[in-house]
Amino acid sequence: MKATFRNKFRIINAMEGERVIRYHHPYRLDLEILLAPRTDKNDLLPMDWGITLKTRNRTLVKQLRGELAEDILGYIFKRSREDIRKLSYDDLVEMANMWSIH
């Protein structure tokens, strides 16, 4: 098994029964950030995965959306060292399955 330092990804079972990736964010918010496979096709976004934000306080998330996106996409880029648009959902699952060294 591969290992990485401070893996912030964890595979969980979503309420719909599918397995998704939870991102452990550094913010003290009641917020869940999930990465899940996308079923809809969009020519502008070639990625087969998307980011979902789940929270009760939507106003706060709207204010922090840019910082949250910068944090998660920056983390994925640092881990992969590749263009994020070229990563597949399977690549993200592989990252999530790595052993975390603290």
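For reference, positions follow the sequence shown, starting with 1. Computed from a prediction, not measured in an experiment: that's the story for all the values here.
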Asks: Determine whether a donor-acceptor pair (N or O, by modelled atom type, separation under 3.5 Å) exists between the side chain of Y23 and the backbone of L35.
Replies: no

Asks: Is any side-chain heavy atom of R56 closer than 4.5 Å to one of L31?
Replies: no

Asks: Quick one: are V93 and I21 in side-chain contact, heavy atoms under 4.5 Å?
Replies: yes

Asks: Within the structure provided, determine whether N7 and M98 are in side-chain contact (heavy-atom separation under 4.5 Å).
Replies: yes

Asks: With side chains defined as the heavy atoms from C-beta onward, is the minimum distance between L92 and M47 less than 4.5 Å?
Replies: no

Asks: Might you work through the side-chain contact (heavy atoms from CB on, under 4.5 Å) test for I33 and I72, ending with a clear yes or no?
Replies: CA-CA 9 Å; I33 301 175; I72 180 94; 4.3 Å; yes

Asks: Quick one, I76 with F9, criterion side-chain contact (heavy atoms from CB on, under 4.5 Å). Give me CA distance, side-chain angles, the key distance, then yes/no.
Replies: CA-CA 10 Å; I76 294 170; F9 286 160; 3.7 Å; yes

Asks: Applying side-chain contact (heavy atoms from CB on, under 4.5 Å) to I84 and W49, what does each step give before you reach the verdict?
Replies: CA-CA 11 Å; I84 295 170; W49 54 275; 3.6 Å; yes

Asks: For D90, check side-chain contact (heavy atoms from CB on, under 4.5 Å) against everything at least two apart and list the hits.
Replies: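 If we apply the side-chain contact (heavy atoms from CB on, under 4.5 Å) test to D90, skipping adjacent residues, the hits are S88.
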
Asks: Could you please spell out the steps behind the side-chain contact (heavy atoms from CB on, under 4.5 Å) verdict for T55 and L29?
Replies: CA-CA 9 Å; T55 185; L29 301 171; over 6 Å; no

Asks: For R10, look at atom CZ and say whether over 12 heavy atoms of other residues, nucleotides or ligands are found less than 6.0 Å away.
Replies: no

Asks: Measure the CG-CZ distance between D48 and R38 for me, rounded to the nearest 0.5 Å.
Replies: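 Here the rounded value is 8.5 Å.
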
Asks: I want to check something: taking the side chain as every heavy atom from C-beta on, are Y75 and K8 in contact at a cut-off of under 4.5 Å?
Replies: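 They are in side-chain contact.
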
Asks: Would you compute the distance between atom OG of S100 and atom CZ of F5 and round it to the nearest 0.5 angstrom?
Replies: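 Reported to 0.5 Å precision, the distance equals 9.5 Å.
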
Asks: Quick check on side-chain contact (heavy atoms from CB on, under 4.5 Å): which of H24, H25, K54 does E32 satisfy it with?
Replies: K54

Asks: For residues I101 and R6, determine if any side-chain heavy atom of one lies less than 4.5 Å from a side-chain heavy atom of the other.
Replies: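 The answer is no; the side chains never approach within 4.5 Å.
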
Asks: Using side-chain heavy atoms (C-beta onward) and a distance below 4.5 Å, is L68 in contact with L53?
Replies: yes

Asks: Do T4 and W99 make a side-chain contact, defined as non-hydrogen atoms from C-beta onward lying under 4.5 Å apart?
Replies: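 Counting from C-beta outward, T4 and W99 never come under 4.5 Å.
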
Asks: So which heavy atom on L73 is nearest to which on I51, and how close?
Replies: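 Taking every non-hydrogen atom into account, CD2-CD1, 4.1 Å.
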
Asks: Pairs in or reaching into residues 65-83: which pass salt bridge (charged side-chain N to carboxylate O under 4.0 Å, His left out), with residues at least two apart or in two chains?
Replies: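 Sorted pair list: D83-R85.
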
